[in-house]
Amino acid sequence: MSRRRQQNRDDEDNGFAEWGGYFEAKKAKLREQYKETAAKQVEKISDIFTGVSIFVNGLTNPSSDQLKLLMAQHGGTFHLYQSSSTTHIIASNLPNVKINKLGSLPIVKPSWVTDSIALNKLLDYKRYLLYTNQSTSQPRLDFPVVPKTASDPHFLQEFYSNSRLHLISTLGAEFKQFIADLRDKPREFPGRSKLEVSKTGAPPQTPVVMHIDMDCFFVSVGLRTRPELRGLPVAVTHARRAQLNPNKEREETVTLNMDRVAQGGELGMIDGRSSMSEVASCSYEARKCGVRNGMFLGAAAKLCPQIKTIPYDFEGYKEVSMILYKTLSSYTLNIEAVSCDEMYVEVTDLLKTFNLSVEEWANHIRGEIKTATGCPCSAGFGSNRLQARLATKKAKPDGFYYLKPEDVESYMAEIALADLPGVGYATLNKLKSLGLETCGDVQVASLGVLQKELGAKMGETLLEQAKGIDQKPLNYHHERKSVSAEINYGIRFKTIDECYNFLESLGNEVWSRLNEIKMRAKTVTLKVMIRAPDAPLETAKFLGHGLCDSVSKSVTIAHHISDVKILQREIRSLYEKMNVNYGELRGLGVQLTKLEKLAPINPTLSNFLQQESKKSDSSDTVKSKMATRGRPRKNSKGQKNSLSDFFKNKKETPVQNKPLEMKPTEVDPEVLKELPPEIRAEIIKEYNLAPKPPVKKSLTWPQIKPPVKKSPFSGLTWPQIKPILHKWLQSEQKPDDYDVTLLGEHFRQLAIDRDIDWLPTAMNFLYRNFGEMNCFWHKAYHKIVDLVQQGMVARYGGTLLIKRDFDCLHCV
DNA sequence: ATCCTCCCCTAC
DNA sequence: TAAGGTAGGGGAGGAT
């Protein structure tokens, strides 16, 4: 995540560098504002802003808080963060404006709000645009939009930034790491000062495990800023409406798929006009109608016609889950992170120390979480993780339940087998075939029968689970056993090269994830999904995988994979061995297993790097780490020698102990330049580093003309500029206005010269990392608007495409 | 017996 | 339109 989501870092080292500092900066403010919201009820005055959803950026007059109140009073929605539901950005002053969607949202002066209220009607915002060039006569940048498949080089990135499943997976892993890291530091529990030793409490004499889980997490986060939807059936989906526009072709496709695929399944509930966007999360009101997470929106709307949809808010989920974890970890670190909204906590000692009953503690912690996040959660307690988890089911929504040891036997007997963790669709069917439906049934079943149906291990655990027994202790430190990237959406290759390119990007993806956790792998597995022979060519779900067969193949090498090129070669050879038709592919995945931790590098060098890494931590490899560290602080002999030793050792180290791969070609000139002179000289000598040949420009586009003014960026191309920006990003040393202006001028000139080959890359980078410093691209903005008008640059989602990419997409 | 590969299943 | 990922547990069946 850190790799993809580098945020502006204008905060001090906060110990959560992997969160890019973003959360820390906003957290206090968020908490404060929710306290306020909880405290006062807003009186409704009018509905003039119905459908309007504002995001306030920077200082405004009236203030953000006042605008929030005004929106609440007049039927609008106020966002703390820009989300996909935002309709207008409110800002007063140019340098502070964060342009997030590159022109796709209007940036409006706050007087639009106050004037509208004064006249008691919604005024046309176009008269209040902060940028004059956003007037109606000017084109908007969000055109034209083209459908993209995995054939497009931007696909992976685009897909990940919209995938809920990817998000919850990565967040889960982040929080496991978060807890592990905290446990490695000296422990402090500031939260405990909020607890008093209870006079009346009676802590249980048996061990107590708490299971805590946010209630319909995505919905709750979305409702923070949409109080008007509380109490209604709500679902989080990509689609806005359950009914699509009539489309004959699609209706036929869906019908065709229904015949072949699903007999009485969910497809039976939809037709060619129903949205097949998945419900990521639904409110309890929607669940009452039978709506379930994972359902297609079309099916959900059949069950619950009045269902309201709200968009995803990925930033919000990260915010809230971070607050949740920081809240709990301020009391104890005996936490096993399960996911972004769920964890187990061993609270036996905590209850004893403060003489708390389960109820006192539950009320305290649930109250604190609600106040801090604005979202409800439920807590279950029991003497092991299984009991705690089952107690949570009873506690939901927004409650707690303690399953006492003496109640376990009777409680368990009534539990449906489907409620046991580990019992899903397939297992449930097997158990049904044995005539078993509740834990009570299983309690009296024979171990042999269970094992015959489910296998030795599963049979045994099921029997134990049915009795409420769970031997597995909480796992506070968890060790990764595999790293994988898999895409089973949008895979429609037209040529074998598209397929190879995509495999390569998957390879790069897993490789960089492996580097993030500082591990190496010995086994590569390629997994493919292939259209089932009898499945229709087109899937019912847009770009879905449809009915597929899946095949996987793996290779294990003697030593760990030391270079991404080797990985790419292995992936490709696995693919070739599979002998599949690229046109039939519907999914591809690369998994790395047999992991080993990279041997710790030379301790003195390690110190050297660590000193530098205090500033931030978001790099993939030593190379990029060094490239982004900025200037080394010290220049002592010891460091010099150790670095030199490191390079020497590296050559002589046996392969399996090879610490970090660094080939001479990987030594970045930018890095070299920044190193202390002696070290630089030594590396150059050691590796006979020749100066890098200048980057060749494509002939299809005009050569760069230097900007009029003398600029530090004169004649530089994007690959050369990027490390400089990286350095700005990562150091306290901020670029001064002059540099920024010159860079903007440089970009503008490039746009004029039509040297837009790399301009989108640069703009996307700036947009992601320097959103606050909009003057960067604002300089070039007007010119880009022209280019868009001429069809030279198009926008897809949050990404700019140049004409060539765009044309090639049209051909497809 | 034990390990390995190729699955399948489950959870969030 | 839509964004069906990712990690871990474990079983079947063959190789050692």
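Convention: sequence-line order gives letters A, B, ...; per-chain numbering from 1. Worth saying up front: this structure is predicted, and the values here are computed from it rather than measured.
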Taking 4.0 Å as the cut-off, does a side-chain nitrogen or oxygen of [X] come that near to OP1 or OP2 on [N]?
X	N	result
R164(A)	dG5(C)	no
H166(A)	dT6(C)	yes
Y160(A)	dT6(C)	yes
S484(A)	dA7(C)	yes
S482(A)	dT6(C)	no
S550(A)	dC8(B)	yes
S554(A)	dC4(B)	no
K541(A)	dA3(C)	yes
N488(A)	dG5(C)	yes
R513(A)	dT6(C)	yes
T170(A)	dT6(C)	no
T556(A)	dC4(B)	no
K481(A)	dG9(C)	yes
K430(A)	dT10(B)	no

(request) Go through the structure and list residues passing ring-ring contact (aromatic ring centres under 6.0 Å, His included) with Y489(A), not counting sequence neighbours. (result)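 F159(A).
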(request) Just jot down the ring-ring contact (aromatic ring centres under 6.0 Å, His included) partners of Y582(A), sequence neighbours excluded, or say none. (result)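 So Y582(A) forms no ring-ring contact (aromatic ring centres under 6.0 Å, His included) with any residue.
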(message) Between dT10(B) and dA3(C), how many Å separate the two P atoms, rounded to a whole number?
(response)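 About 22 Å, rounded to a whole number of Å.
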(message) Both E479(A) and F155(A) contact DNA chain C. Which one's nearest nucleotide lies toward the 5' end?
(response)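 Checking each residue's closest nucleotide, the 5'-ward one belongs to F155(A).
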(request) Name the residue closer to the 5' end of DNA chain C, choosing between T539(A) and K472(A) according to the nucleotide with the nearest heavy atom. (result)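 Per heavy-atom nearest nucleotide, the more 5' residue is T539(A).
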(request) Could you tell me whether E486(A) contacts a base, only the sugar-phosphate backbone, or nothing, with contacts defined as non-hydrogen atoms closer than 4.0 Å? (result)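 Touches a base.
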(request) Report which part of the nucleic acid G546(A) touches: base, sugar-phosphate, or nothing (heavy-atom distance under 4.0 Å, all strands). (result)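 Result for G546(A) = base.
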(request) Just say parallel, tilted or perpendicular for the rings of Y312(A) and Y317(A), cut-offs at 30° and 60°. (result)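 Perpendicular.
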(request) When you get a sec, tell me which of dC12(B), dA2(C), dA3(C) is the closest nucleotide to the side chain of S339(A)? (result)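 Of the candidates, dC12(B) comes closest.
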(request) Please tell me which of the listed nucleotides, dG4(C), dC9(B), dA7(C), lies nearest to the side chain of H478(A)? (result)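 Nearest to the side chain of H478(A) among the choices is dA7(C).
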(message) With a 3.5 Å distance limit and no angle check, can you tell me whether E336(A) reaches the backbone of N475(A) through a side-chain donor-acceptor pair?
(response)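 Between the backbone of N475(A) and the side chain of E336(A) there is a qualifying donor-acceptor contact (under 3.5 Å).
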(message) Under a 3.5 Å threshold, yes or no: a donor from one side chain and an acceptor from the other, between S151(A) and E498(A)?
(response)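 Yes - a donor-acceptor pair under 3.5 Å links their side chains.
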